[in-house]
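The shown structure was predicted, so the numbers you read here are calculated from the model rather than taken from an experiment.
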There are 2 protein chains.
Amino acid sequence: MRIGELAARAGTTTRALRYYESRGLLAARRTDNGYRTYDEDDLRLLQQIRTLQDFGFDLEETRPFVECLRAGHPAGDSCPASLAVYRRKLAELDALIDELGAVRTRVRAELARAEVLATAEVPGGPEPRCELSPKT
Amino acid sequence: MRIGELAARAGTTTRALRYYESRGLLAARRTDNGYRTYDEDDLRLLQQIRTLQDFGFDLEETRPFVECLRAGHPAGDSCPASLAVYRRKLAELDALIDELGAVRTRVRAELARAEVLATAEVPGGPEPRCELSPKT
DNA sequence: CCTTGCCTTGACGTCGACGTGAACGCTTAC
DNA sequence: GTAAGCGTTCACGTCGACGTCAAGGCAAGG
């Protein structure tokens with residue numbers, strides 16, 4: 001299979017595949033006329049890369065998985081180095097989620113404060129809602 | 001006050017201040033010799049920018065706050081446009097946190113699965129822990 | 001033969017928020 | 001007078017993962 005077909009099957013672009021090759025992931029055989037040629041193993045390897053990319057792993061972090069597959073292991077995460085990346089990424093995710101949660105809390109507080117001030121500021125704004133018996 | 005002092009008081013760099021100026025935030029007066037001059041209002045404006053940057057707002061998103069302060073309002077978030085940015089950012093944060101949580105769950109699952117396979121694969125690895133009476 | 005649609009390499013563009021360095025001027029202190 | 005420590009503008013570098021031409025080759029169909 002050539003580069004266009006592989007890209008289509010993996011849901012990515014030829015440019016991305018050439019980029020992966022330039023980074024040392026995903027090597028390719030060549031036909032007589034210089035065209036890159038791939039097989040099903042390359043597809044699996046590429047799918048591994050894409051999955052991790054979707055998880056937010058950067059390319060360098062996919063390298064252990066790729067090398068694991070190249071070494072003949074059945075899955076990219078069958079190697080200690082891959083597990084280490086998983087664990088590091090989990091820690092990063094936890095830290096990031098905590099941080100974002102803290103930011104969210106602070107932004108919420110700012111918004112609440114600013115909204116109160118805004119309604120208090122605008123003269124024609126919402127009136128106090130403490131009426132016991134509505135006019136209508 | 002000149003650019004160096006303002007940068008120091010706001011905990012940032014002169015380069016950043018010139019960049020903000022190039023983006024149309026944070027205007028500066030000039031002395032006879034061309035030096036930029038700032039006052040306390042500029043400091044407050046800059047602090048507003050820095051706070052929002054720390055929250056993960058990008059520079060364009062700080063613009064409504066800056067313009068609000070420039071319009072003479074006591075706080076940068078005293079204007080509807082600023083509140084809108086707060087709300088949009090909160091929605092983004094919620095979506096991002098949810099997404100990251102989902103990724104975390106998936107990565108955890110992958111890690112758990114891979115760990116089990118790894119221990120089952122290694123011959124000299126951990127033995128089954130179902131012994132009723134330990135040898136020692 | 002000509003077009004269409006693959007493929008090749010090479011190289012510059014993108015985005016954001018600056019960092020870094022060059023080459024220079026002003027002020028103040030010694 | 002000269003060195004230190006401010007300031008000025010201009011302009012290229014950074015990072016990641018590609019996008020987007022440009023210029024050309026190869027294969028197949030009408």
Side-chain angles (χ1 to χ4, degrees), chain A residues 1-39 42-43 45-66 85 88-89 92-93 96 103, chain B residues 1-39 42-43 45-66 85 88-89 92 96 100 103:
Chain A
M1 142 179 53
R2 289 178 303 182
I3 195 171
E5 186 184 347
L6 179 59
R9 288 182 64 184
T12 183
T13 67
T14 62
R15 182 68 184 91
L17 301 199
R18 295 199 187 92
Y19 179 66
Y20 298 159
E21 182 175 332
S22 80
R23 298 286 90 188
L25 313 156
L26 194 66
R29 271 75 52 202
R30 299 291 185 127
T31 65
D32 291 345
N33 56 19
Y35 287 11
R36 288 172 179 82
T37 306
Y38 304 91
D39 57 21
D42 292 319
L43 175 59
L45 208 147
L46 180 52
Q47 283 168 338
Q48 173 76 81
I49 295 176
R50 297 293 304 166
T51 299
L52 295 176
Q53 287 275 85
D54 289 346
F55 282 169
F57 288 48
D58 58 47
L59 267 189
E60 273 314 304
E61 289 173 326
T62 72
R63 194 177 297 276
F65 296 80
V66 167
V85 174
R88 191 159 48 78
K89 212 63 190 178
E92 283 177 20
L93 280 170
L96 183 55
V103 168
Chain B
M1 135 182 57
R2 289 178 305 180
I3 196 171
E5 186 183 347
L6 178 60
R9 289 182 62 184
T12 183
T13 68
T14 62
R15 181 70 183 90
L17 301 199
R18 294 199 187 92
Y19 179 66
Y20 297 158
E21 183 175 331
S22 80
R23 298 287 90 188
L25 313 156
L26 193 68
R29 271 76 53 201
R30 298 292 183 127
T31 64
D32 291 345
N33 56 18
Y35 286 11
R36 289 173 179 81
T37 307
Y38 304 90
D39 57 21
D42 293 319
L43 175 59
L45 207 148
L46 180 52
Q47 282 168 338
Q48 173 76 82
I49 296 176
R50 296 294 305 166
T51 300
L52 295 176
Q53 287 274 87
D54 289 346
F55 282 169
F57 288 47
D58 58 48
L59 265 191
E60 273 314 305
E61 289 173 325
T62 71
R63 193 176 297 276
F65 296 81
V66 168
V85 174
R88 190 159 50 76
K89 212 64 191 180
E92 283 177 20
L96 183 55
L100 290 177
V103 169

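- Here the P atom of nucleotide C/dG16 and the CG atom of B/Leu25 are 14 Å apart, to the nearest Å.
- Side-chain atoms of B/Tyr19 stay outside donor-acceptor range of the base of C/dG19, with no qualifying N/O pair under 3.5 Å.
- One distance of note links CZ of B/Arg2 with CZ of B/Arg36; it measures 13.0 Å at 0.5 Å rounding.
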**Message:** B/Val103 vs A/Asp54, test: side-chain contact (heavy atoms from CB on, under 4.5 Å). Steps then yes/no.
**Reply:** CA-CA 9 Å; B/Val103 169; A/Asp54 289 346; over 6 Å; no
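- One atom, CG of A/Leu17, and another, P of C/dC7, lie 10 Å apart when rounded to the nearest Å.
- Comparing A/Arg2 and B/Glu5 against DNA chain D, the residue whose closest nucleotide sits nearer the 5' end is B/Glu5.
- Between B/Tyr38 atom OH and D/dG7 atom C1' the separation is 11 Å, expressed in whole Å.
- Of the candidate nucleotides C/dC26, C/dC18, D/dC18, C/dC26 has the atom nearest to the side chain of B/Tyr35.
- For A/Thr13, a side-chain nitrogen or oxygen approaches OP1 or OP2 of D/dG19 to under 4.0 Å.
- Listed pair A/Arg36 / C/dT8 meets the phosphate criterion, a side-chain N or O lying under 4.0 Å from OP1 or OP2.
- Taking 4.5 Å as the limit, some side-chain heavy atom of A/Asp42 sits within range of a side-chain heavy atom of A/Arg29.
- A/Tyr20 has a side-chain polar atom (N or O) that falls below the 4.0 Å cut-off from OP1 or OP2 of D/dC18.
- Along DNA chain D, the nucleotide nearest to B/Ile3 and the one nearest to A/Leu59 differ in position, and the one closer to the 5' end is contacted by B/Ile3.
- Residue A/Arg23 places none of its side-chain N or O atoms closer than 4.0 Å to OP1 or OP2 of D/dG16.
- Contact check, A/Gln53 against D/dC18: a side-chain N or O comes under 4.0 Å of OP1 or OP2.
- Nearest-nucleotide positions on DNA chain C for A/Asn33 and A/Arg15 put A/Asn33 closer to the 5' end.
- In this structure, CD on B/Glu5 lies 9.5 Å from CG on B/Leu43, to the nearest 0.5 angstrom.
- One can place CG of B/Leu6 at 11 Å from P of D/dT8, the figure rounded to the nearest angstrom.
- Comparing atom distances between the A/Arg18 side chain and each of C/dT8, C/dC18, D/dC18 picks out C/dT8 as nearest.
- Looking only at side-chain heavy atoms (C-beta outward), B/Arg50 and B/Gln47 stay at 4.5 Å or farther from each other.
- The nearest whole Å value for the distance from the CG atom in A/Asp54 to the C1' atom in D/dC18 is 15 Å.
- Counting to the nearest Å, the C1' atom of C/dA17 and the CD atom of B/Glu21 are 16 Å from each other.
- In this structure, CG of A/Asp32 is placed 18 Å from P of D/dG25, rounded to the nearest angstrom.
- Summarising the geometry, the separation between CZ on A/Arg63 and C1' on D/dA17 is reported as 14 Å, rounded to the nearest angstrom.
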